[in-house]
Every structure is written in C-alpha cells, then in structure tokens.
Participant: 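First, the structure itself, so that you have it in front of you.
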Amino acid sequence: MTVVEAPAAPTAPAAAAVPSVPMGQQWLYGSAEGAISIRQTYAQLTSYALAKAKARPADSVIIDEATGKPFACGNKPLAAVFDADETLIWNIGPMRWFALTGSEFDAKTWDQWEKTGTGKAAAMPGALEAMAALRAAGITPIANTNRSATNAAGSEQTLAAAGLGEFKHGETLFLMGDDATGSSKDQRRATIASRWCVVAMAGDQLGDFRNAFNKPEAPPLARRTMATAAPFDGLWGNGWFLFANPVYGPSIRGGFDDIFPPETRWEPQDQQGAR
C-alpha cells in the first residue's frame, strides 16, 4: 500500500514588528500631562488677550526688527497670531507615518500631507475654545505658518476641518512663499502688524516669535540665554505664549557638552572606576 503524506500546512508569515512610539510623541500626542499643559497655555493666552482687548493697547506684541521696538497699534483691528503645526493643530498623521517607518522628516511626504491631510489633523487641546472666545471678543485669529503657499487650499481646508474656523490665505493665513524671505517669519509678521493690532502671539518654536532666535550657530544654552534675556524675558506669558514641542524643531539638538555643563556632572561612586 502506498502511503501519501498530507502536505505540510503553510507557515503563517511572522507578524511585522511594530516599532515603539518615540517618547516625545508619546508625551505630546498621548499624555494627559501634554494635553493639560497645552490647555493651560491656551487659557492663559485667552485671558491675556481678552484683557488687552478691553484696555486697547498702544503697541503690538510683534517686534519691528528694523527698530527693535513694538509696532504701534493705532486704530488697527485686533488680532492674535498663531503658528499652525503643533500650535493650532496636531499633525498626528505624518508623525505616525515617520515613526512607523523609522524615517526622519521628509519634505515630499510633508508636501503630500499639506495637500491631502484634510480631516486627519486634530485641533490642539483648548484651541477650539480659544478661537471661539477670541472671535467673540472681536479679536481675529491669524495663522502664520511655514506650510507652503503652493498648498494654501489644503491648509485652509485642514484648519477648517479641525473645527478652527476660516483662515483665508493672504488675509488671515500667511505661508512660506508669501515673500522672498523663505522660512523666516519676520517679514510676514511685519506685514500682519501693518494691518492689525496683535495682542498675543503663540507658537511651538522660538522662530514663531523672532527669527534671530534660530541662529544655527548658537549652542542650545546660548540660544536659551538670548531668548530669556531682556527685553524678551518680560514677553513670555505676557503677549508671547510658547507651546511645548518635544518632537521636532530647533530645540531638539545639542550633545552632552551642550546640555550638561561641567559644573553639573555627577556620577555614583560605584560607577566612577568603570569610566
């Protein structure tokens, strides 16, 4: 008798390993601590801006880089200026993709996101309430972002789909490519200040307030000193409002010698001989 062996069952393919979520993204996009921190900042900004609207300030919170002084408000309408990414909205879509694929920021992928991400970006915690309160008080929210001017329609739609209201390119939405200064927002800020009395500014990077803070040659601690020295020290929380972003940007840099000054170095005694 001939015995016919049954064919071996096919081996199931091994499940692809899912990479761990980077710690910065865990904190920013997932943690209660991150959400609470953002809500607190939005509440402080809203309270400050509404108080300023009642008092009618003489000066904008935007600095004229030519004179070093604030732009005068005159009788211009009131506004508050916001960065978009990780300030008005969370870009969870592309950041998930970068984490999942283990890739760094990619300009082509981001360009697709700006064009097709409508409905996938999430409003930051507290942003919807802040936009409503500002508009009710006669303060117009304006976005000044380094998203591309060629993708203006996509950014308008993304902000609207996130529930943040209308932002119109050239009026209340300013983008990289609107002038010849590239990623620097200084000229765009000057354009905004020429039309509006800006009572508050918010962003997640120092460049959202002044481009000089982003000098690439400045070591992290020198950059910190510059941004927190007079006359800027009095503006943080007093017209300028910074959101934490531990995920990307100029703040995410520096080696051991940059971050840990010699006078702070310490090691447990049982480890000293191992070095």
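What's counted below: heavy atoms across the whole structure, side chains too, no hydrogens, waters or symmetry copies.
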Participant: Which heavy atom of I139 sits nearest a heavy atom of A49, and at what distance?
Facilitator: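 Heavy-atom minimum between the residues: CD1-O, 3.5 Å.
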
Participant: If you group Ile, Leu, Val, Met, Phe, Trp and Tyr by side-chain heavy-atom gaps below 4.5 Å, do L164 and M124 land in one group?
Facilitator: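 Yes, L164 and M124 fall within the same hydrophobic cluster.
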
Participant: Please check if the side chain of R253 supplies one atom and the backbone of P250 the other of a donor-acceptor pair under 3.5 Å.
Facilitator: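 Yes; judged by distance alone, with no hydrogens or angles, the pair exists.
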
Participant: Is there any side-chain hydrogen bond (donor to acceptor under 3.5 Å, both in side chains) pair reaching into residues 134-146, and which pairs are they, with sequence neighbours excluded?
Facilitator: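 Applying side-chain hydrogen bond (donor to acceptor under 3.5 Å, both in side chains) to every pair that reaches into residues 134-146, excluding sequence neighbours, yields N144-R188, N146-R188.
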
Participant: Using the test ring pair (Phe, Tyr, Trp, His ring centres under 6.0 Å), find all partners of F213 that sit at least two apart in sequence or belong to another chain.
Facilitator: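 In terms of ring pair (Phe, Tyr, Trp, His ring centres under 6.0 Å), with neighbours along the sequence ignored, F213 is linked to F232.
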
Participant: Enter the distance from S31:OG to Q26:CD here, rounded to the nearest 0.5 Å.
Facilitator: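 Answer rounded to 0.5 Å: 9.0 Å.
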
Participant: Which residue pairs satisfy the ring pair (Phe, Tyr, Trp, His ring centres under 6.0 Å) criterion with at least one member in residues 244-268, sequence neighbours excluded?
Facilitator: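 Of all non-adjacent pairs touching residues 244-268, those that pass ring pair (Phe, Tyr, Trp, His ring centres under 6.0 Å) are F256-F260.
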
Participant: Rounded to the nearest 0.5 Å, how far apart are OG1 of T158 and CG of D85?
Facilitator: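 Here the interatomic distance stands at 9.0 Å.
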
Participant: State plainly whether one hydrophobic cluster holds both M23 and I36, where clusters connect Ile, Leu, Val, Met, Phe, Trp and Tyr through side-chain heavy atoms under 4.5 angstrom apart.
Facilitator: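 In one cluster with M23: I36, no.
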
Participant: Do the side chain of T87 and the main chain of A84 share a donor and acceptor less than 3.5 angstrom apart?
Facilitator: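 A pair under 3.5 Å: no.
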
Participant: If a pair satisfies ring pair (Phe, Tyr, Trp, His ring centres under 6.0 Å) and one of its residues is in residues 134-174, list it, with sequence neighbours excluded.
Facilitator: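 Listed once each, the pairs would be none.
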
Participant: Nearest 0.5 Å please: distance from the CZ atom of R189 over to the CG atom of D64.
Facilitator: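 The CZ atom of R189 sits 12.0 Å away from the CG atom of D64.
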
Participant: Looking at every non-hydrogen atom in both residues, tell me the closest pair between I142 and A79 and how far apart they are.
Facilitator: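 Shortest heavy-atom contact: CD1-CB, 3.7 Å.
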
Participant: In chain order, what residues pass the side-chain contact (heavy atoms from CB on, under 4.5 Å) check against E166, with sequence neighbours excluded?
Facilitator: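 Expected list: none.
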
Participant: Please answer: with hydrophobic residues joined when any side-chain heavy atoms are less than 4.5 Å apart, are L128 and L159 in the same cluster?
Facilitator: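 Hydrophobic grouping puts L128 with L159.
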
Participant: Is any NZ, NE, NH1 or NH2 atom of the basic residue among D257 and R265 found under 4.0 Å from an Asp or Glu carboxylate oxygen of the other?
Facilitator: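 A salt bridge is present here (some side-chain N lies under 4.0 Å from a carboxylate O).
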
Participant: Give me each pair satisfying salt bridge (Lys or Arg N to Asp or Glu O under 4.0 Å) with a member in residues 202-211, each pair once, sequence neighbours excluded.
Facilitator: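 Qualifying pairs, neighbours excluded: E65-R210, K185-D208.
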
Participant: Sequence neighbours excluded, which residues qualify as side-chain contact (heavy atoms from CB on, under 4.5 Å) partners of P231?
Facilitator: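 P231: no side-chain contact (heavy atoms from CB on, under 4.5 Å) contacts found.
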
Participant: Shortest non-hydrogen contact from L173 to A152?
Facilitator: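 Closest pair (atom of L173, atom of A152, distance): CD2-O, 4.3 Å.
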
Participant: May I ask you to decide if Q187's main-chain N or O and T191's side chain share a donor-acceptor pair within less than 3.5 Å?
Facilitator: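 Indeed, once roles are kept as given, a pair shorter than 3.5 Å links the two residues.
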
Participant: Write out all pairs satisfying salt bridge (Lys or Arg N to Asp or Glu O under 4.0 Å) with one or both partners inside residues 20-32, taking only residues at least two apart or from two chains.
Facilitator: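 Non-adjacent pairs meeting salt bridge (Lys or Arg N to Asp or Glu O under 4.0 Å): zero.
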
Participant: Taking the side chain as every heavy atom from C-beta outward, state whether E129 and T46 have any atom pair closer than 4.5 Å.
Facilitator: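 The answer is no; the side chains never approach within 4.5 Å.
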
Participant: Which pair of non-hydrogen atoms, one from P94 and one from W110, has the smallest distance, and what is that distance?
Facilitator: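 P94 and W110 have their closest heavy atoms at CG-CZ3, 3.7 Å.
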
Participant: Just by distance, do the side chain of N151 and the backbone of S148 share a donor-acceptor pair under 3.5 Å?
Facilitator: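 Here the side-chain-to-backbone pair does not exist.
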
Participant: Under 3.5 Å, side-chain donor or acceptor atoms of residues 66-73 against the rest of the protein: list the pairs with distances, not counting sequence neighbours.
Facilitator:
| unit_1 | atom_1 | unit_2 | atom_2 | d |
| --- | --- | --- | --- | --- |
| T67 | OG1 | K69 | N | 3.2 |

Participant: Please find the pair of heavy atoms, one from L50 and one from A133, that lie closest to each other, and give the distance.
Facilitator: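 Between these two residues, the closest heavy atoms are CD1-O, 4.1 Å.
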
Participant: Is it true that E86 and N91 share a donor-acceptor pair across their side chains at a distance under 3.5 Å?
Facilitator: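 Yes, because at least one side-chain N or O of N91 sits under 3.5 Å from a partner of the opposite role on E86.
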
Participant: Show the numbers, then the answer: is there a side chain to side chain contact (heavy atoms under 4.5 Å, CB included) between M226 and L206?
Facilitator: CA-CA 11 Å; M226 175 173 56; L206 293 185; over 6 Å; no

Participant: Name all pairs fulfilling the side-chain hydrogen bond (donor to acceptor under 3.5 Å, both in side chains) condition that reach into residues 215-226, sequence neighbours left out, sorted by first residue then second.
Facilitator: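 Residue pairs passing side-chain hydrogen bond (donor to acceptor under 3.5 Å, both in side chains), neighbours aside: N214-R223.
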
Participant: When you compare the side chains of D186 and N211, does any donor N or O come within less than 3.5 Å of an acceptor on the partner?
Facilitator: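 Their side chains do not contain a donor-acceptor pair, so the 3.5 Å distance test is not met.
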
Participant: Determine whether more than 12 heavy atoms belonging to other residues, nucleotides or ligands lie under 6.0 Å from atom NZ of K120.
Facilitator: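 No, the 6.0 Å shell around NZ holds no more than 12 heavy atoms from other groups.
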
Participant: Taking only residues two or more places apart in sequence or in another chain, which ones pass ring pair (Phe, Tyr, Trp, His ring centres under 6.0 Å) with W236?
Facilitator: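 W236 satisfies ring pair (Phe, Tyr, Trp, His ring centres under 6.0 Å) with F209, W240 once adjacent residues are dropped.
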
Participant: Mark yes or no for whether N238, through its side chain, and G234, through its backbone, hold a donor-acceptor pair below 3.5 Å.
Facilitator: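 Yes, N238 side chain to G234 backbone: donor-acceptor pair under 3.5 Å.
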
Participant: Could you note down all residue pairs passing ring pair (Phe, Tyr, Trp, His ring centres under 6.0 Å) where residues 24-56 supplies at least one of them, sequence neighbours left out?
Facilitator: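 Counting only pairs at least two positions apart or across chains, the ring pair (Phe, Tyr, Trp, His ring centres under 6.0 Å) contacts touching residues 24-56 are Y29-W90, Y42-F243, Y48-F241.
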
Participant: State, yes or no, whether a side-chain contact exists between P220 and I259 at a heavy-atom distance under 4.5 Å.
Facilitator: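 Yes; the side chains approach each other to less than 4.5 Å.
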
Participant: Drop me the distance from E104's CD to T109's OG1, to the nearest 0.5 angstrom.
Facilitator: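 The OG1 atom of T109 is 12.0 Å from CD of E104, to the nearest 0.5 Å.
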
Participant: With a 3.5 Å distance limit and no angle check, can you tell me whether S103 reaches the backbone of A99 through a side-chain donor-acceptor pair?
Facilitator: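 Not a single qualifying donor-acceptor pair exists.
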
Participant: If you compare all heavy atoms of D233 against all heavy atoms of T228, which two are closest, and at what distance to 0.1 Å?
Facilitator: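 Reported closest heavy-atom pair: CB-O, 3.0 Å.
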
Participant: Is there side-chain contact between W113 and M95, with at least one heavy-atom pair below 4.5 Å?
Facilitator: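 Side chain of W113 against side chain of M95, heavy atoms only: no contact under 4.5 Å found.
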
Participant: Applying side chain to side chain contact (heavy atoms under 4.5 Å, CB included), run through F82 and I89 and close with a yes or a no.
Facilitator: CA-CA 10 Å; F82 299 85; I89 54 172; over 6 Å; no

Participant: Would you say the side chain of P77 lies within less than 4.5 Å of the side chain of C197, judging by non-hydrogen atoms?
Facilitator: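 In short, these two side chains do not touch, never coming nearer than 4.5 Å.
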
Participant: Nearest 0.5 angstrom please: M176 CE to S184 OG, how far?
Facilitator: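 OG of S184 is found 11.5 Å from CE of M176.
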
Participant: Does one hydrophobic cluster hold both L242 and V198, with members joined at side-chain heavy-atom distances below 4.5 Å?
Facilitator: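 Yes, it is one cluster - the side chains of L242 and V198 are joined through contacts under 4.5 Å.
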
Participant: Within this structure, what is the CE-CG distance for the pair M201 and L45, rounded to the nearest 0.5 Å?
Facilitator: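 Output value for this atom pair is 11.0 Å.
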
Participant: Evaluate the side chain to side chain contact (heavy atoms under 4.5 Å, CB included) criterion for residues E156 and K168: first the C-alpha distance (whole Å), next the side-chain angles of each, then the deciding distance (0.1 Å), finally the verdict.
Facilitator: CA-CA 6 Å; E156 288 177 345; K168 188 173 181 180; 4.2 Å; yes

Participant: Under a 4.5 Å side-chain heavy-atom rule over Ile, Leu, Val, Met, Phe, Trp and Tyr, are I38 and V247 clustered together?
Facilitator: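 Same cluster.
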
Participant: With side chain to side chain contact (heavy atoms under 4.5 Å, CB included) as the criterion, how do L175 and D178 come out once you've worked through the C-alpha distance, each side chain's angles and the decisive distance to 0.1 Å?
Facilitator: CA-CA 6 Å; L175 301 163; D178 286 346; 4.0 Å; yes

